[in-house]
Amino acid sequence: MADAEPGVPRRRRDPEGHRAAIIDAARHTFAERGYARTTLREIARRAGVTHGLITRHFASKERLFLQAVPGNRDLEQVAAGDPGTLPDRIADAFVRRLETDAVNDPLIALLRSAASDEGSAADLLAAMQEHSAAVYRSVLAPDAATASDDDMDARVALVGAQMMGVAFSRYIARTEPLASMSPDRLTEHLTRILRSILFG
């Protein structure tokens with residue numbers, strides 16, 4: 001195995017352990033430094049692995065970011081189940097995740113840095129939206145071919161915009177009444193809104 005980056009302990013060969021360590025280091029580094037200022041070498045140093053090992057596992061910083069964002073990484077697990085209660089699962093997972101650790105959430109870091117790095121933010125959000133559309137479509141219309149008049153992509157974009165607006169207002173700007181709303185009440189409101197967007 002190649003030596004680790006200078007200044008970090010050598011890790012034994014453990015592909016799954018390395019991958020988990022990289023994702024954990026990436027999540028915290030993106031949250032602390034933002035997307036633009038984070039480097040793969042810094043993530044490698046924190047994870048105790050080589051830069052090359054990160055590129056072998058994830059290919060690029062963008063792909064690593066997408067894996068490090070809990071909501072994007074775990075979306076298939078959250079979405080699986082009864083199509084009728086999909087909005088409930090999305091809202092519940094989103095609120096619980098940010099209530100647990102918004103400070104260290106890469107999505108919050110991305111929203112904070114969007115104004116100064118519009119290009120990267122747009123590319124990452126577009127990739128997240130594409131992934132979300134594929135997952136939601138697999139739950140809501142698993143056997144339907146995409147039609148020219150299908151508005152699923154538009155509805156998924158609106159879901160994402162709603163959730164980012166809540167994230168910004170509650171966890172970054174901390175504006176009322178969202179800032180002091182109870183998590184249960186927030187989840188209730190968000191579920192109702194997402195249900196309207198997805199089902200009309």
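Evaluation of the side chain to side chain contact (heavy atoms under 4.5 Å, CB included) rule for R96 yields D92, A93 as partners, not counting sequence neighbours. With sequence neighbours left out, R37 forms a salt bridge (Lys or Arg N to Asp or Glu O under 4.0 Å) with no residue at all. Applying the side chain to side chain contact (heavy atoms under 4.5 Å, CB included) rule to A179 yields the partners R174, E176; only residues at least two apart in sequence or on another chain are considered. In terms of the side chain to side chain donor-acceptor pair (under 3.5 Å) criterion, Q162 has no residue partners (sequence neighbours excluded). The side chain to side chain contact (heavy atoms under 4.5 Å, CB included) search around D82 returns T85, R89, not counting sequence neighbours. In this view, R155 and D151 satisfy the salt bridge (Lys or Arg N to Asp or Glu O under 4.0 Å) rule, not counting sequence neighbours. When the salt bridge (Lys or Arg N to Asp or Glu O under 4.0 Å) test is applied to D153, the partners found at least two apart in sequence or on another chain are R137. Partners of E62 under the side chain to side chain donor-acceptor pair (under 3.5 Å) rule, at least two apart in sequence or in another chain, do not exist in this structure. Among residues two or more places apart in sequence or in another chain, the side chain to side chain contact (heavy atoms under 4.5 Å, CB included) test is passed with A79 by L86, V135, V139.
For the residue pair H131 / E76, a side-chain donor-acceptor distance below 3.5 Å is found, with atom types taken as modelled.
Atom CG of L64 sits about 4.5 Å away from atom CD1 of I43, to the nearest 0.5 Å. How far OG1 of T29 is from CZ of R45: 8.0 Å, rounded to the nearest 0.5 Å. One distance of note links CG of L53 with NE2 of H18; it measures 6.0 Å at 0.5 Å rounding. Atom OH in Y171 sits 9.5 Å away from atom CG in D105 (nearest 0.5 Å). Here M152 contributes atom CE and L140 contributes atom CG; the two are 4.5 Å apart, rounded to the nearest 0.5 Å. Rounding to the nearest 0.5 angstrom, the gap separating the CG atom in D24 from the CZ atom in R19 is 13.5 Å.
In summary, of the residues considered (D184, L186, V166), a side chain to side chain contact (heavy atoms under 4.5 Å, CB included) with V95 occurs for L186 alone.
Ion pairing between a basic and an acidic side chain is recognised when a charged N comes within 4.0 Å of a carboxylate O; R27 and E32 show no such pairing.
Residue pairs that meet the salt bridge (Lys or Arg N to Asp or Glu O under 4.0 Å) test with at least one member in residues 157-169, sequence neighbours left out, do not exist here. Note on residues 21-49: pairs passing ring-ring contact (aromatic ring centres under 6.0 Å, His included), not counting sequence neighbours, are F30-Y35, F30-F65, Y35-F65.
Residues M163 and L107 fail the side-chain proximity criterion, which asks for heavy atoms closer than 4.5 Å. Side chains of F168 and T175 form no contact here, defined as non-hydrogen atoms less than 4.5 Å apart. Two residues are said to be in side-chain contact when any heavy atoms from C-beta on lie closer than 4.5 Å; L40 and F58 fail this criterion. Looking only at side-chain heavy atoms (C-beta outward), S60 and T55 stay at 4.5 Å or farther from each other. In this structure, P183 and E188 have side chains that are not in contact, with every pair of non-hydrogen atoms separated by 4.5 Å or more.
Here the shortest heavy-atom pairing between A21 and A47 reads O-CB, 3.7 Å. Residues A102 and I108 approach most closely at O-CG1, 3.5 Å, considering heavy atoms.
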Might you work through the side chain to side chain contact (heavy atoms under 4.5 Å, CB included) test for I90 and Y136, ending with a clear yes or no? CA-CA 10 Å; I90 296 171; Y136 294 164; 3.5 Å; yes
For a side chain to side chain contact (heavy atoms under 4.5 Å, CB included) check, start with the C-alpha distance between T39 and R33, then their side-chain angles and the critical distance, and finish with the verdict. CA-CA 9 Å; T39 66; R33 301 175 61 85; 5.9 Å; no
Between S132 and L75, does the side chain to side chain contact (heavy atoms under 4.5 Å, CB included) criterion hold? Intermediate values first, please. CA-CA 7 Å; S132 297; L75 187 58; 3.6 Å; yes
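Side-chain atoms of R56 never come within 3.5 Å of backbone atoms of H51 as a donor-acceptor pair (strictly under, hydrogens ignored).
At most 12 heavy atoms of other shown residues, nucleotides or ligands fall within 6.0 angstrom of atom CD in E130.
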Side-chain donor-acceptor pairs of residues 189-200 under 3.5 Å, sequence neighbours excluded:
unit_1: H189; atom_1: ND1; unit_2: R192; atom_2: NH2; d: 2.7
unit_1: H189; atom_1: NE2; unit_2: R185; atom_2: NE; d: 3.3
unit_1: T191; atom_1: OG1; unit_2: T187; atom_2: O; d: 2.7
unit_1: R195; atom_1: NH1; unit_2: G84; atom_2: O; d: 2.9
unit_1: R195; atom_1: NH2; unit_2: D88; atom_2: OD1; d: 2.4

